[in-house]
Amino acid sequence: MPRNDLPATPRLHGLQSRFRADWPALSAARTSAEIRFEQLQSTLEGAAPSDTSIVVFGSLARGEVTAKSDVDWTLLVDGQAHPSHLNAILDIEQRLVDAGMKEPAREGTFGGLAFSHDLLHHIGGNEDTNRNTTQRILLLLESHAVGDTAAHQRVVSQVLKRYIEEDFGLLVQGRNLSGVPRFLLNDIVRYWRTVAVDFAYKRRERNASGWALRTVKLRMSRTLTYAAGLAACFSCVMEAGASTAGSPSDRALRTVDHLERFLRQPPLEIMAWAASGDHANDRLLEAGHRLFDAYDRFIALLANEAHRQRLEKLLPSEAPDDPLYAEARTIGRSFQDALDEIFLTDNGTELFKLTRTYGVF
Amino acid sequence: MWTIGFSTGAIALHDFDSALHLLTRLDVHAVELSALRIGELAPLIAALDRLDLRQFSHVSLHAPSAFTLLEEASVVSQLTIAVERGHHVVVHPDTMHDIRAWRVLGERLCIENMDKRKPTGRTADELRRYFDVLPSASLCFDIAHSRQVDGSMTEAYRLLREFGTRVRQVHISEVSTASRHVRMSPSAANDYAQVLGLIPTDASFIIEAQLPAAEMPRELASVKQLLSGFLSHAIVA
């Protein structure tokens, strides 16, 4: 089985050097992710049938693994359907259990089969279920293939192609001249709002069990992924340029090529680009510093077994007086303030202008 | 402008004499002589001097798709004979054992991008190392292989963006889910049109769909329609 490494994060390291910042929790989580991923590749050697990829999501794909991180995975099928695909998932599950890796989350979004047909053809409309939208957007924003990447790469490219080719405002001159892929942006925003709404659904369904930990994750890692998605859409203008040269086909292929490469980076690296790319000024860089300071503290909180358990068990009624929850809220506010500076404040960069134009309506 | 022809292997397997006879009935000016099995190479090389190839402005020879390390030197030596006669030679990169041994074929060597079954040579990233070792080599762009590897045609775009100036020949067909070369469907034609602008105008298109003789004219017409449709659109644009 071909080996496939987690993508590197040179910009993040560059920021860390620039600020002489010590982000120990982030560094440890990255190292843990690399070790876990290597272990996963060995554990799942030969488990994926042809025309499929075993795709991981969540903290492992983001490169942010702590001791209690789940292995969120799906067998992505991009070929002929076959009854043996069920045997493949059962085999993968058993291998993960035997290797002592955790089971995935409750909702069943992961740990099963995903078909490229659904992800590609059901974008919007009644057939685009919550599960389908979530899998598709996370496929783009925080996924990584274990071993053979061919099916994964094909599906990512095809999905991006749909978003771009069918974005008439993007490809037809005289309208969305800035080059921001609005169809894709809208679906990323829709995913984010769905996550936020589902937070309330889960609180109700589970009678607030695990509420505090989910709240913290919503404010931090889920927000990070969303912010990275916004930044990726804006990068089509800021990084790749808004060239209108060539036919609509030419422009579509250029944009898909750019996005496919850009989205291979984990969300932290994309946000490092947002804070420190060629467009950055001192205000943006300082916001980036605060952003990653806050995120490092968040990872440290998750990595602390006692703190994690405390948050898992905390009731909403206990939260106002709980010092750990207060600390988590402070971290969340600091993170949000940094994001506000990057996207929502007139900081003299394109990020603010593009967010103002495309981020709300 | 682009010339069009057929692969003899696609229309008559190893029987290149019969294939050439079929082609005399068609308005084609390119041909790829196939020697896909190692045992087919020597007879084809031996026949080169007697074959009437005057109809064709582009002639290439497809090397065997498998040979051992011990056989490689002999294969290269035989293909050199074809090159000395002014023909191009198409090779699958995953068959090469000693890549440097193929330098002797110069720009007449056409490295073909592979289908998804192969371990390498499928993408721009994978082909780069071959062109690093063989800087003079050309590219046989298999547009069907590229579409099979990435149906969005983004990989085709990357291949042509980086190696487009090297393209001397294009294999055109469609690859089925069983990885067989079949007739080009309208969907495939639509996808191929997206990257035609990146293919040099002096390249030759070789139809690789496995066809009975009766279906050759229809497939030729489909390919001509695709290429002329693109050209007329380009002129209008």
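A quick note: this is a predicted structure, and the numbers were derived from the prediction, not measured.
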> Among A:Lys161, A:Arg162, A:Glu260, which residue forms the greatest number of heavy-atom pairs with chain B at distances under 4.5 Å?
Replying inline: A:Lys161

>> Between B:His145 and B:His92 (judged by ring centroids, cut-off 6.0 Å), do the two rings come close enough to count as a pair?
In response: no

>> Check B:Glu162 with B:Arg158, please: is the shortest side-chain N to carboxylate O separation under 4.0 Å?
In response: no

> What part of A:Gln158 lies closer than 4.5 angstrom to a heavy atom of chain B: side chain, backbone, both or neither?
Replying inline: both

> chain A heavy atoms under 4.5 Å from B:Arg117: which part of the residue, side chain, backbone, both or neither?
Replying inline: neither

> Any Lys/Arg nitrogen of B:Arg129 or B:Asp132 sitting under 4.0 Å from an Asp/Glu carboxylate oxygen of the other?
Replying inline: no

> Does any donor atom in the side chain of A:Glu239 or A:His258 lie under 3.5 Å from an acceptor atom in the other side chain?
Replying inline: no

>> Counting only non-hydrogen atoms closer than 4.5 Å, does A:Gln153 touch chain B with its backbone (N, CA, C, O), its side chain (CB onward), both, or neither?
In response: neither

